[in-house]
Amino acid sequence: MKPLRNPEREVLHFRERLVSASIVVAVGFLVLCLRFVWLQVVRHGEFLARAEQNRIALVPVTANRGLIKDRNGIIIAKNYSAYTLEIEPAKVDDLDGTIDALSSVVDISPRERRRFHKTLDDYKHLDSVPIRTRLSDEEVARFAAQRFRFPGVELRARLFRQYPLGETASHLLGYIGRISTKDEERIDTFANPDNYNGTDYIGKIGVESSYEEQLHGTTGFEQVEITAGGRPMRTLSRTATLPGNNLILSVDIKLQEIVERAFGDRRGALIAIEPATGDVLAFVSKPTFDPNLFVEGIDPANWDALNGSIDKPLLNRALRGTYPIGSTYKPFLALAALELGKRRPDSTMFDPGFYSYGGHLFREGGPKGGHGSVDLRKSIVVSSDVYYYALANDLGVDAIHDFMRPLGFGEITGIDMEGELAGVLPSTEWNERRFHQKWYGGETISIGIGQGKNAFTLLQLAHATATLANNGVLMKPHLVKAIEDAMSGKRQATVTTESGRVALRPENIAFVRSAMVGVTAEPSGTAYAAFVGSPYSTAGKTGTAQVVGIGQNEKYDERRVEERHRDHSLFIAFAPAEPGVQPRIALALLVENGGWGALAAAPIARQVMDYYLLGKEPATTGRPATPAERAPAPSLRAAAAAPSAVGN
């Protein structure tokens, strides 16, 4: 029998189920509404910002790097714009395959492939790495037409640094290169590290490095609307960049070129300074290198050629080379003797061609038999070693140290270039600290002719010569004369006041200067041949510094010595040197293994003086002297072949 239905109970159950379902739906709807409120009201600002970030990219825009000009306005470092083809490694699965495909669109040489992989290995933090730079208009058009084939490859407009004079002044200019991990640590010490967002290059050496923050400029930003694929669509807003400041060098680039050609293929250095201001007029280190090689990353072949060369073209000899300075030390020792009361202008001694101390003979570097009777003035003019052996012994190493230090020997000059070395100005205290032994009196003898443990930079020697020419007034040597605002053209001088004075009696300075004039103006002077017929007066001093020692009874014969073991040739000078006239230029120069100072170094100094004072350019430059030309004249042959210690 079929059970009877109860419609009322069924309706009741249905209503219960309906209410339950309604409650579930209502609760779900409430939760959904609350979620909408949470997302669209409470967190509206946060998600709106995220959405905008997905749509808008903030792109840093690098500023134009400041120009570098010489004192006459000639541009020696500038910028140019060009397109570069860059690969974003994170977006490319097969780098080599992509490069192979790209090479069918634009030319990619094996050198460029090697440079790409080297940059990729050395700078892992880079978002994109260039595979080709400086594309032609045709190459740009070809790639743009097939851009869809190369995800992760972008065409970008970049600014590139250029050094239009090539190797000229490379050591003072330096170069820029890609920012390394070490550079990032350096950037963190800058006043505004955030200014380097988006910057790929930084000054590495030279004034490019020491004035990096001035040259860099202020980075700008663009708000760019991008597609989901990351491609830019349009620029929404822009914060303008500010170009870097220009550097006005104190250097006369024409003078710099003349000096570099005068050295030819010889190694050495020259620094010329304006005594009254400290302006460095020429800053030469030979051999040089082409800084353009480093801008985009130097290739291994060129790096090996430069880094492996026996001539060390990357060594800044003017700043970091330390040398014994030979007889160029004698005018300063003569000044010390007068100031300390160890000698009078008429103090005379007999120079027999040797000086005996402790059973050892220190030989004269001049003619056989010595110079005979020598007073203080003649000792400078003819460069008597014996006179300065005796003088050094009378002064003592500590008195020499204490007198020379205020003149800048053995001290950092503070020139506006990083990496300067202090050299060595020996003393008894220094010797005990360095070698843990006492100083022996015999070591002082060689100090008298600029040998022994003396080791100074050419910069120190030039600075001391300029100070002597400036009557004891110290001017900080500097390569940058002024910083120029690129927008307004307003210039701010870098050095405006003296940095100190050395207390020297005017009559003693006048005496030493007069003796140095005799070096170039009197027939017996060691530099007379180089300056004969000069219409201006020059105060100078030759020097010859020994590279390797020879036995006590041996004679020095340049022809029998390997070239790199021959003596260094030195010369210091300032001009004009007439009494009461402010010298306009002072210099120090060294020709490595050049032999006697009068034969290799002094003629280069004459070319410098002739150009700077008279505007006279040398008729022929750039050719090193032949062996016949370098051979001493008959009257000087004995001096050039002098044994043992060398100082002239």
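Contact annotation: the side chain of Gln460 approaches that of Thr413 to within less than 4.5 Å [non-hydrogen atoms, C-beta and beyond]. Side-chain atoms of Tyr536 and Met609, non-hydrogen and from C-beta on, do get closer than 4.5 Å to each other. Taking 4.5 Å as the limit, every side-chain heavy atom of Ile248 sits out of range of all side-chain heavy atoms of Ile68. Between Pro287 and Phe289 there is no side-chain heavy-atom pair separated by less than 4.5 Å. Met417 places a side-chain heavy atom less than 4.5 Å from the side chain of Leu172.
Residues Ala318 and Ile271 approach most closely at O-CD1, 3.7 Å, considering heavy atoms. The two residues Ala469 and Phe574 have their closest heavy-atom pair at CB-CG, 3.5 Å.
A distance-only check finds a donor-acceptor pair linking the side chain of Glu364 to the backbone of Asp385 [under 3.5 Å]. Put simply, the side chain of Arg606 gets close to the backbone of Ala530: a donor and an acceptor are under 3.5 Å apart. When atom types are taken as modelled, the side chain of Ser250 and the backbone of Leu479 share a donor-acceptor pair closer than 3.5 angstrom.
Across Thr168, Leu249, Leu247, Val251, a single residue satisfies side-chain contact (heavy atoms from CB on, under 4.5 Å) together with Ile76, and that is Leu249. Under the side-chain contact (heavy atoms from CB on, under 4.5 Å) test applied with Phe456, the options Leu425, Val424, Thr328, Thr322 reduce to a single match, Leu425.
Judged as a ring-ring contact (aromatic ring centres under 6.0 Å, His included), and not counting sequence neighbours, Tyr388 has no contacts. Residues passing the salt bridge (charged side-chain N to carboxylate O under 4.0 Å, His left out) test with Asp252, sequence neighbours excluded: none. When the side chain to side chain donor-acceptor pair (under 3.5 Å) test is applied to Arg491, the partners found at least two apart in sequence or on another chain are Glu484. Considering only residues two or more places apart in sequence or on other chains, Glu522 meets the salt bridge (charged side-chain N to carboxylate O under 4.0 Å, His left out) condition with Arg377. Residues satisfying the side-chain contact (heavy atoms from CB on, under 4.5 Å) test with Arg320, not counting sequence neighbours, are Leu315, Leu421.
In this structure, Phe283 has its ring center at least 6.0 angstrom away from the ring center of His171.
The aromatic rings of Phe362 and Tyr355 sit tilted, their planes meeting at an angle between 30° and 60°. The aromatic rings of Phe409 and Tyr329 lie perpendicular to each other, with more than 60° between the two planes, well past the 30° mark.
Separation of atoms CE (Met404) and CG (Leu395) is listed at 8.0 Å; rounding is to 0.5 Å. Rounding to the nearest 0.5 Å gives a distance of 6.5 Å between OG of Ser170 and CD of Glu260. Residue Ser347 holds its OG atom at 4.5 Å from CZ of Arg344, rounded to the nearest 0.5 Å. Met349 CE to Lys378 NZ: the interatomic distance, rounded to the nearest 0.5 Å, is 12.0 Å.
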Can you list, pair by pair, the side-chain donor-acceptor contacts under 3.5 Å of residues 577-591, counting residues two or more places apart and other chains?
| residue | atom | partner | partner atom | Å |
| --- | --- | --- | --- | --- |
| Glu578 | OE2 | Ser537 | N | 3.1 |
| Gln582 | NE2 | Asn470 | OD1 | 3.4 |

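By the 4.0 Å N-to-carboxylate-O rule, Lys476 lies too far from Glu498 to be salt-bridged with it. Ion pair Asp311/Arg267 flagged as a salt bridge, since at least one NZ, NE, NH1 or NH2 atom sits closer than 4.0 Å to an Asp/Glu carboxylate oxygen.
The side-chain tip of Arg505 does not point at the ring of Phe511 from less than 6.0 angstrom away and within 45° of straight on.
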